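Reviewing the structure listed below.
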Amino acid sequence: MTLHKGASASDRKRTARPVNPFYGEADPVSGMEESPPHNILPDGPVSPHTAYQFVHDELMLDGNARLNLATFVTTWMEPQAGVLMAECRDKNMIDKDEYPRTAELERRCVAMLADLWHAPDPSAAVGCSTTGSSEAGMLAGMALKRRWMRRNAERYPSSARPNLVMGANVQVCWDKFCNFWEVEPRLVPMEGDRFHMDAASAVGLCDENTIGVVAVLGSTFDGSYEPVAEICAALDEVQERSGLDIPVHVDGASGAMIAPFLDPELAWDFRLPRVASINTSGHKYGLVYPGVGWALWRDMEALPEELVFRVNYLGGDMPTFALNFSRPGAQVAAQYYTFLRLGRAGFRAVQQATRDVARSTAERIEALGDFTLLTRGDQLPVFAFTTADHVTSYDVFDVSRRMKERGWLLPAYTFPPNREDLSVLRIVCRNGFSHDLADLFLADLTQLLPELRQQTAPLDRPERLATAFHH
């Protein structure tokens, strides 16, 4: 989240500027004589039409969300879902006693996910909605730390420092968790053509102070799955040798809503006894507009009871486990709508179409001859590619910049340690990015390449631009 500063002294100076006469709703001639200030409250009100037009006009300068190939977040839903969300936007999710049906929809979603992710006893699995998978991940991390604290009460906090093992490719929320909750992050770096954590590298960093291992089902860097089953098997061997019982949390922000439908035989979820918790983003491949995530635990033993607050709120006893308190019920209603609307067969069809677009687009980009694929969109519908070895006149940052001129938001970034030398482009295919849109993207890229090939060298760029996209 970007941090912002308040208004400066110069901002407080009022400067009269002409305004479109039609902004004066009642009288186009005398309705408004100057535009409102940007950084301080205006002295008085304006008409709703005028306020809307000012904000609407400024937002036109944002990028087109449908053409954003950087974000994993859902950018299209059916109109009926939008209507349903509008009907629920004034409901506070936390007021479960006041909005019992919204609370019931949340419970049903948790139960559906527990069943989808093969909880041993779905009725015993516990979970909650969140504002996104970042909050869900932090809640899971808190549970891992608290379980470890229980087992090491004689050593913590006097002598032991907890650590969390994960790959350098994890989403930035895990760095935040370690910083905010004073946990040592132990990051497995990338090596050669290995772009995520494997079993050997994970267990090599574990010790008696490890609260857990985070395995990512769908890396944001290249769309690849980490080998959750292999990591769990290696930790089983660690327990046999040393007695250390180290749980696994699966960050399924994207993959937990892809693998159940497209890779049903892949064991990554609660079928593996060592998996204690899973999170996902309802607003990514859960196909809901931004603002909803989910955290689930295998059973109550995996979620220490002392972390659950029981609040007497508005006359009702309300158990809650969340970092946020007030938030709208609209996204939860939309998630239940999507589950009800699609079912397993519908989700399978949507996700398969998205993967088909990703694989087809990757193959066509490779066929251009200027690029080398790192992944092919056959796990997450996401793939990363870089310029081929023989391309010296331009780099991935030139491609990203020039495609943005045509409306496409195509991220270019460097990989984390130890592959900072590798700069890539990444395409996230979502529901709504159709074969037709992929054709338009390829046409623009193909048309651009002759100009890029004529450059004498890649253009200079500020180092701050060579960073990874973390969403």
Side-chain angles (χ1 to χ4, degrees), residues 117 133 136-138 140-145 147-148 151-152 160-179 181 183-256 259 263 266-280 297-298 302 374-375 379-380 415-419 468:
W117 295 340
S133 56
M138 291 194 188
M142 290 166 60
L144 291 175
K145 184 178 179 183
R147 291 177 64 193
W148 176 86
R151 298 193 301 267
N152 294 275
R161 183 188 180 195
N163 66 71
L164 183 65
V165 173
M166 49 196 170
N169 57 302
V170 291
Q171 209 263 3
V172 70
C173 74
W174 293 103
D175 297 317
K176 290 182 180 180
F177 166 76
C178 290
N179 185 17
W181 276 272
V183 173
E184 175 195 355
R186 292 192 173 177
L187 300 177
V188 175
M190 295 181 177
E191 297 288 351
D193 293 332
R194 178 179 58 75
F195 300 127
H196 56 225
M197 180 174 66
D198 59 14
S201 58
V203 299
L205 293 179
C206 293
D207 59 23
E208 68 276 7
N209 295 328
T210 301
I211 65 173
V213 173
V214 176
V216 180
L217 195 72
S219 171
T220 60
F221 282 88
D222 63 0
S224 61
Y225 294 162
E226 289 188 333
V228 182
E230 294 176 16
I231 292 170
C232 288
L235 290 171
D236 290 342
E237 295 177 4
V238 169
Q239 184 173 10
E240 292 177 5
R241 293 195 310 267
S242 65
L244 294 177
D245 185 8
I246 300 172
V248 168
H249 172 77
V250 177
D251 183 347
S254 295
D263 309 296
L266 180 67
W268 62 273
D269 52 15
F270 290 126
R271 285 172 287 185
L272 303 172
R274 194 162 293 278
V275 172
S277 50
I278 301 171
N279 71 273
T280 197
W297 289 265
R298 171 182 292 275
L374 276 66
T375 48
Q379 294 184 330
L380 285 190
F415 269 26
N418 291 332
R419 288 306 315 270

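Quick caveat: nothing in here was measured; it's all calculated off a predicted structure.
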Residue list, side-chain contact (heavy atoms from CB on, under 4.5 Å) with N152, at least two apart or on another chain: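 Testing N152 for side-chain contact (heavy atoms from CB on, under 4.5 Å), a comparison that skips the adjacent residues, returns W148, R155.
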
Give a yes or no answer on whether the side chain of [X] reaches the backbone of [Y] with a donor-acceptor pair at less than 3.5 Å.
{"X": "W174", "Y": "G137", "answer": "no"}
{"X": "T280", "Y": "G252", "answer": "yes"}
{"X": "S242", "Y": "V238", "answer": "yes"}
{"X": "K145", "Y": "V183", "answer": "no"}
{"X": "Q379", "Y": "Y225", "answer": "yes"}
{"X": "R271", "Y": "L266", "answer": "yes"}
{"X": "T375", "Y": "D222", "answer": "yes"}
{"X": "R274", "Y": "D245", "answer": "no"}

Could you measure the distance from the [atom1] atom of [X] to the [atom2] atom of [Y]? Nearest 0.5 Å is fine.
{"X": "F177", "Y": "L144", "atom1": "CZ", "atom2": "CG", "result": "7.0 Å"}
{"X": "M166", "Y": "C178", "atom1": "CE", "atom2": "SG", "result": "3.5 Å"}
{"X": "C206", "Y": "L244", "atom1": "SG", "atom2": "CG", "result": "8.5 Å"}
{"X": "M138", "Y": "S133", "atom1": "CE", "atom2": "OG", "result": "10.5 Å"}

In the structure I gave you, are the side-chain heavy atoms of [X] and [Y] within less than 4.5 Å of one another anywhere?
{"X": "D251", "Y": "N279", "value": "yes"}
{"X": "R298", "Y": "P247", "value": "no"}
{"X": "R147", "Y": "I211", "value": "no"}
{"X": "V170", "Y": "E226", "value": "no"}
{"X": "S201", "Y": "R194", "value": "yes"}
{"X": "V248", "Y": "L272", "value": "no"}
{"X": "H196", "Y": "V216", "value": "no"}

F195: which residues meet the ring-ring contact (aromatic ring centres under 6.0 Å, His included) condition with it, sequence neighbours left out?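 In terms of ring-ring contact (aromatic ring centres under 6.0 Å, His included), with neighbours along the sequence ignored, F195 is linked to F415.
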
Just to verify, which of N209, D207, T210 counts as forming a side-chain hydrogen bond (donor to acceptor under 3.5 Å, both in side chains) with R186?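 Only match with R186 under side-chain hydrogen bond (donor to acceptor under 3.5 Å, both in side chains): D207.
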
Go through the steps for W268 and I278 under the test side chain to side chain contact (heavy atoms under 4.5 Å, CB included), then give the verdict. CA-CA 10 Å; W268 62 273; I278 301 171; 3.8 Å; yes

Name all residues meeting the salt bridge (charged side-chain N to carboxylate O under 4.0 Å, His left out) criterion together with R161; count only those two or more places apart in sequence or in a different chain, and write none if there are none.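 Partners of R161 by the salt bridge (charged side-chain N to carboxylate O under 4.0 Å, His left out) criterion come out as none, since no residue qualifies.
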
